[in-house]
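Quick note on labels: first sequence line is chain A, next is B, and so on, each numbered from 1. What you see is a predicted model; the values in this text were computed from it and never measured.
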Protein chains: 2
Amino acid sequence: MENVRELFQVMTKRFGLLNKNCCSVGGIEISLVQSHILYEIDRLKEPSMQQVADALAMDITTFSRQIQTLVKMNLVKKTPYPKDRRIYILSLTTEGKYVAARIDTEMNQYLNEVFSHMSEFEKETVLRSIKLLNDCMAKSSVCCKPLF
Amino acid sequence: MENVRELFQVMTKRFGLLNKNCCSVGGIEISLVQSHILYEIDRLKEPSMQQVADALAMDITTFSRQIQTLVKMNLVKKTPYPKDRRIYILSLTTEGKYVAARIDTEMNQYLNEVFSHMSEFEKETVLRSIKLLNDCMAKSSVCCKPLF
DNA sequence: AATTTTATTTGCAAAATACAAATATAAATT
DNA sequence: AATTTATATTTGTATTTTGCAAATAAAATT
């Protein structure tokens, strides 16, 4: 049997690299962490600070400062939540949505290119495999449970 | 069709988290970056500084300083290369090997646990899928070519 | 021999990180 | 209702990480 971890390590390294490369779009340049923050804000609907920080497994104080930067860059908006005034709801500004969408397009473009080297059947199998993997990881009790 | 990037993002986030969690073993505590460095030194046989930095897509100056730290921690050894005195060969010390092995064990343990939620057939399919994916990513010309 | 290239390190300033403490508000307890 | 406890977020501060530019040193090329 091949080394399982090695397979994962190579895959995630490549995907991580792709993520890093996709951080500069249309003249705007953001860090990898910031790109992940935009992604999560977009994915979760009207999340609070704490929710996004949790989803990214990020220290809340570091996260708070990153959000301050993103607000200054006019990519993220912080809205007080009337029902609980401790909480701020995060959302993407128009510009933030644009950046997130551009990154998403570029990522999917690359992934399509990768899948173009496979048959349709292989592609379906790979995607189903990843989905299965994600489900099983979610079930696992060894680590990282609280998240997701 | 589901969102392909989303699938990858979730998977790599989980795996990244696992990597982070596996950074403290047997009383020794290292950073995620340092864990990756140990892993690559172990994987490549007698690599130079530049080779490992390239494999990790890391800035060589940052890498140089990380190596200094790891040498001080007695996890990595730097050996001058006689045939080209500009070059240093990196290797793991006994302690470094121990840490890397412990991390590897822990990672594989978790992965086994994840796969225990699948049938043997599913497991084989998933592993073959990842291998195929890695091959196709290597073939791809869109990004990240120089590496690997 | 002189120039160019490659490998690595250091100077330096900016950015990221995380612990502890502060603040503000909500929820629970007395 | 007043007090305590818990939760969400920010700030103080010190450490670590990062990466560009420049320095150094040794090989390769001209």
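As rounded to whole Å, 12 Å separates atom P of D:dA8 from atom OH of A:Y81. Rounded to whole angstrom, the span from the CD atom of A:E29 across to the P atom of C:dA14 amounts to 18 Å. For the pair A:L32 CG and D:dT17 P, the computed distance is 17 Å after rounding to whole Å. Distance B:I37 CD1 to D:dT17 P: 10 Å, rounded to the nearest Å. We find that CG of A:L56 is positioned 11 Å from P of C:dT17, with the value rounded to whole Å. In this structure, B:D59 places its CG atom 14 Å from P of C:dA7, rounding to the nearest Å. Straight-line distance from the CD1 atom of B:I87 to the P atom of C:dT8: 6 Å, rounded to whole Å. One interatomic measurement links the two molecules: CD1 of B:I60 to C1' of D:dA21, which rounds to 15 Å at whole-angstrom precision.
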Table of protein N/O atoms under 3.5 Å from nucleotides 27-30 of chain D N/O atoms:
residue	atom	partner	partner atom	Å
D:dA27	OP1	B:R85	N	3.1

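Remark: A:T62 is not in phosphate contact with C:dA16, judged by side-chain N or O atoms under 4.0 Å from OP1 or OP2.
A donor-acceptor pair under 3.5 Å is absent between the side-chain atoms of A:S35 and the main chain of A:C23, judged by distance alone. Looking at B:S140, its side chain never comes within 3.5 Å of a backbone N or O of B:C136 through a donor-acceptor pair.
Both B:M49 and A:V33 lie near DNA chain C, and the one whose nearest nucleotide falls closer to the 5' end is B:M49.
Among the nucleotides C:dA16, D:dT9, C:dT10, the one closest to any side-chain atom of A:Q50 is D:dT9.
Hydrophobic clustering, with ILVMFWY side chains joined whenever heavy atoms are under 4.5 angstrom apart, keeps B:L75 apart from B:L32.
More than 12 heavy atoms of other residues, nucleotides or ligands sit less than 6.0 Å from atom CD of A:E95.
Comment: A:E40 engages A:R43 in a salt bridge, judged by a side-chain N to carboxylate O separation of less than 4.0 angstrom.
Residues from residues 64-76 of chain A lying near DNA chain C, meaning a heavy-atom separation below 4.0 Å, are A:R65, A:Q66 in numerical order.
Side-chain atoms of A:M11 and A:F8, non-hydrogen and from C-beta on, do get closer than 4.5 Å to each other. Put simply, the side chain of A:Q9 does not reach to within 4.5 Å of the side chain of B:D104, judged on heavy atoms.
Here the CG atom belonging to A:L18 is positioned 11.5 Å from the CZ atom belonging to A:R14, to the nearest 0.5 angstrom.
Of all heavy-atom pairs spanning A:E113 and A:S116, the tightest one is O-OG, 2.5 Å.
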